[in-house]
Number of protein chains: 2
Amino acid sequence: MDITLEQIAKLASVSPATVSRVINNHPNVRQVVRDRVRAVIEQVGYAPNAAARSLATKQTNIIGLVIPQEPEQNIKNDPIGFFTTLSQHIARACSDHNKYLMLSMITPDQSTQFYRDIVRGGHIDGLIVGCGTMEDPVLPVLLGSKIPTVMVGRNPYYPDVYCIDADNFSGAVQAVTHLIERGRRRIATITLSLGGGAGLDRHSGYKRALLQHGFTIDPALIVETRYPDVSGPDAMRRLLQLATPPDAVFLGSDMIALEALAVIRDAGLRVPEDIALVGFDDHPLAAVSTPPLTTVRQPVAAMGRRAVELLLQLLDEDTSQPRFMALPTEFVVRQSS
Amino acid sequence: MDITLEQIAKLASVSPATVSRVINNHPNVRQVVRDRVRAVIEQVGYAPNAAARSLATKQTNIIGLVIPQEPEQNIKNDPIGFFTTLSQHIARACSDHNKYLMLSMITPDQSTQFYRDIVRGGHIDGLIVGCGTMEDPVLPVLLGSKIPTVMVGRNPYYPDVYCIDADNFSGAVQAVTHLIERGRRRIATITLSLGGGAGLDRHSGYKRALLQHGFTIDPALIVETRYPDVSGPDAMRRLLQLATPPDAVFLGSDMIALEALAVIRDAGLRVPEDIALVGFDDHPLAAVSTPPLTTVRQPVAAMGRRAVELLLQLLDEDTSQPRFMALPTEFVVRQSS
DNA sequence: TGGTATATTGAAAGCGCATTCAAGCAGAAA
DNA sequence: TTTCTGCTTGAATGCGCTTTCAATATACCA
């Protein structure tokens, strides 16, 4: 904020241009000169002004991370925070790549202004968007931007956006296959909203696993949660009221699984003896519930890292990357199944 | 990134200076002209270039948030994330104040470079530093910066830095008073490291409450955790081995409380019948443990908001603010006490 | 009506850096 | 020695915006 490139130039008895070359590691500077300049820079603790540099180069080294903020949504479905954890990993990945991270939690009404100020204002080089709910009105605004953008979490409405997601499908297949192998024969599922990528993919995996093992799909065993009409507990109660209740349930998320667990216990049934449960996410609570939950762990860290790397590749004009990448999940067997 | 102020000027048939005035709401522009310029801006969707603006004004509207990253520390003591949650609230507060947030999770070896690039490079106007551990080598580097800085979490080594913290002392007093009122007579405590502000303050509160009610302080009932030498379980075991074990324990954190809970149960004792427990933080796990934990909730949201507001005041040259502010905690009674 | 005070406006000079272009230089080739 | 080539360097320009400073237009007063 204080000392400028020009002063460095004077101190090192060279032109500003040469100092600039040294800073940016241009090859054509004599080693002696380079060393001399570097010494001066080191000595006075000079750091080039970010704004000036951005103005000249038209790039900022900042990447934006937008977590669409739906107050209700976040509190209800993400109490401990997938996106929260994700942003930590993204932040770390940025540091490791010498990029800066601008984090925004914006509500729909702030999205337009955000887009104008940040994106059009040239504040950031690229954008990572966390995809919460499908119909989020923030998305069209952000995804319409001209700067490279990566979405975390598949959104079927925007198939042409570069996207990183967990392999929800395979994770679900594995979970349901596990239940089959443990001898369960009447396997139900309570899905997330099927309007979303995660909900759809996990639901597809459930069906696939059943079909693959010669089961028939029984629509009565599939209940979709739909807040606020059909909550997790509602869904579980519905399953228990069937003439022949299921002997296992694959849940769309650990939070729903925990709710289901409570309902089952209230009904006087035991987990896993009467009904086996498998969740999804490996939420921190899953490991400490009673009984601990068998679940499918999302590769949050990998997703964050990969999202950053992909964005950097896009910034590098590398268009050879696939539009969609599903990162492998990890199956965690505990005592609920 | 595309259309400039100059072009707006042309389109509106005024000088660039006037457009600038309109953008920055300077008073001395005729209303007609102002409206005309605004119309053009709106129509073409112009947004001023952030870098150019920063270069000219020497301010960025970005505030930096640094979460010192000690890999081990975070995983062990902050699994669900005080800082993680805090940063969400800080991000939201920034949005609300039309500021941008640059989030950095830096490890000690990245701190020097960070300081140079970001702070000296004029990337940010002010800094919020999350204070993890006291001896964090990142702190002296950051806190030595010339830009306004706010620390979240008291650090006794840097008493002159503006700081926001939870009122750990009063929270602890309340917790221990509660135990006394429930008839407990031999109240122990397992403290966080007493090298840190939170550990110290909660420990002081414990003593204060006892003294206030005519108890004497029994050193045998105070165990300080010191990773890796004295873990939470170690500390609890030590208390149980006393000739007369305590009938209540005030824990430095919910995570330690959960560990203690397990140890107590393994010893065949019951909570709260044999030993009452009160934790601190209101960690998400506290509400769902068996039994649910009585605890002291940290005002994370308020801390984040207040930190941002304080920083903005400092940026505004308002030096009338107190150096230290302790935000009230909330006592949450559950079944462990 | 003339004159002064005030409200509006524009021209121009940076802000600190990157980069183009041309000049300077040393060494290689002739 | 001369000429040509390739490597180093510096001068100058511009990135897009803000901000004096001076000029003009408008208002007000007598």
Side-chain angles (χ1 to χ4, degrees), chain A residues 1-38 40-41 44-62 100 116-125, chain B residues 1-38 40-41 44-62 100 116-125:
Chain A
M1 277 311 248
D2 208 355
I3 163 164
T4 71
L5 180 146
E6 197 166 356
Q7 303 179 39
I8 299 294
K10 282 220 181 67
L11 290 175
S13 310
V14 294
S15 73
T18 297
V19 176
S20 176
R21 289 190 184 100
V22 172
I23 291 173
N24 295 292
N25 289 314
H26 284 231
N28 45 350
V29 176
R30 266 187 309 162
Q31 193 59 44
V32 236
V33 177
R34 185 184 301 276
D35 292 344
R36 178 150 42 95
V37 173
R38 286 230 173 97
V40 172
I41 290 179
V44 305
Y46 164 77
N49 178 280
R53 179 177 264 203
S54 294
L55 183 56
T57 60
K58 295 182 174 308
Q59 68 159 38
T60 61
N61 279 326
I62 302 178
Y100 309 122
R116 267 178 71 148
D117 289 0
I118 306 295
V119 180
R120 304 228 41 177
H123 239 311
I124 58 180
D125 294 339
Chain B
M1 276 311 246
D2 210 353
I3 163 163
T4 72
L5 179 147
E6 196 166 358
Q7 303 179 39
I8 299 294
K10 282 222 181 67
L11 291 174
S13 309
V14 294
S15 73
T18 297
V19 176
S20 176
R21 289 190 184 99
V22 172
I23 291 173
N24 295 291
N25 289 315
H26 284 230
N28 45 351
V29 176
R30 266 187 310 162
Q31 192 60 44
V32 236
V33 177
R34 185 185 301 278
D35 291 345
R36 179 151 40 96
V37 173
R38 285 230 174 99
V40 173
I41 289 179
V44 304
Y46 164 76
N49 178 279
R53 179 176 261 200
S54 295
L55 183 56
T57 60
K58 295 183 173 308
Q59 69 157 39
T60 61
N61 279 326
I62 302 178
Y100 309 122
R116 269 179 70 146
D117 289 0
I118 306 296
V119 179
R120 303 228 42 179
H123 239 309
I124 59 181
D125 293 339

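Labels below follow one simple rule: chain letters A, B, ... track the order of the sequence lines, proteins then strands, and each chain is numbered from 1.
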Please check: side-chain N/O of Arg21(B) versus main-chain N/O of Arg34(B), any donor-acceptor pairing under 3.5 Å?
no
Which nucleotide in the set dC17(C), dT18(D), dC15(D) lies at the smallest distance from any side-chain heavy atom of Ala52(A)?
dC17(C)
Would you say dA18(C) has OP1 or OP2 under 4.0 Å from some side-chain N or O of Ser20(A)?
yes
OP1 or OP2 of dC15(D) under 4.0 Å from side-chain N/O of Asn49(B):
no
5'-most contact on DNA chain D (nearest-nucleotide basis), His26(B) vs Ala51(B), goes to Ala51(B)
Just the rounded figure in Å: distance from C1' of dC17(D) to NZ of Lys58(B).
13 Å
When you get a sec, tell me which of dA18(C), dG10(D), dT18(D) is the closest nucleotide to the side chain of Thr57(A)?
dA18(C)
Residue-phosphate contact under 4.0 Å: Arg53(A) side-chain N/O, dA18(C) OP1/OP2
yes
What is the distance, rounded to the nearest whole Å, between atom CD1 of Ile8(B) and atom C1' of dT18(D)?
16 Å
Measuring to OP1 and OP2 of dC17(C), would you say a side-chain N or O of Tyr46(A) lies under 4.0 angstrom away?
yes
Protein-nucleotide distance (Gln59(B), atom CD; dC15(C), atom P), rounded to Å:
18 Å
Which whole-number value in Å describes the distance from Ile41(A) CD1 to dG16(C) C1'?
14 Å
For Asn24(B) and dC17(D), give me the distance from atom CG to atom P, rounded to whole Å.
11 Å
Whole-Å distance between dA11(D) P and Leu5(A) CG?
14 Å
Atom pairs under 3.5 Å: protein N/O with N/O of nucleotides 20-24 of chain D:
from    : atom 1 : to       : atom 2 : distance (Å)
dT20(D) : O4     : Arg21(B) : NH2    : 3.4

Interatomic spacing from CG in Asp125(B) to OG1 in Thr60(B) - rounded to 0.5 Å
3.5 Å
Nearest of dC17(D), dG10(C), dC17(C) to any side-chain atom of Val14(B)?
dG10(C)
Nearest-neighbour nucleotide for the Ala56(B) side chain, dT8(D), dA18(C), dT18(D) considered:
dT18(D)
Going from CD1 on Ile3(A) to CD1 on Ile8(A), what distance comes out if it is rounded to the nearest 0.5 angstrom?
4.0 Å
For Gly45(A), is there any backbone N or O sitting under 3.5 Å from a side-chain donor or acceptor partner on Arg120(B)?
yes
Take Leu5(A) and Arg53(A) through the side chain to side chain contact (heavy atoms under 4.5 Å, CB included) test and state the conclusion after the steps.
CA-CA 11 Å; Leu5(A) 180 146; Arg53(A) 179 177 264 203; over 6 Å; no
At their closest point, which heavy atom of Ala9(B) faces which heavy atom of Ser15(B), and how far apart are they?
CB-C, 3.7 Å
Strictly below 4.0 Å, heavy-atom distances to any atom of DNA chain D: list the hits from residues 30-38 of chain A, or just say none.
Arg30(A), Val33(A)
Atom NZ of Lys10(A) and atom P of dG16(C) are separated, to the nearest Å, by 12 Å
Would you mind reporting whether Ile62(B) and His123(A) have side-chain heavy atoms less than 4.5 Å apart?
yes
Spacing between Glu6(A) atom CD and dC17(C) atom C1', to the nearest angstrom
10 Å
What's the verdict on side chain to side chain contact (heavy atoms under 4.5 Å, CB included) for Val14(A) and Arg36(A), showing C-alpha distance, side-chain angles and the deciding distance?
CA-CA 10 Å; Val14(A) 294; Arg36(A) 178 150 42 95; 4.0 Å; yes
On a heavy-atom basis, the closest approach of Arg38(B) and Val22(B) is CG-CG1, 3.8 Å
Minimum heavy-atom distance Ile23(B)-Tyr46(B), with the two atoms named:
CD1-CE2, 3.6 Å
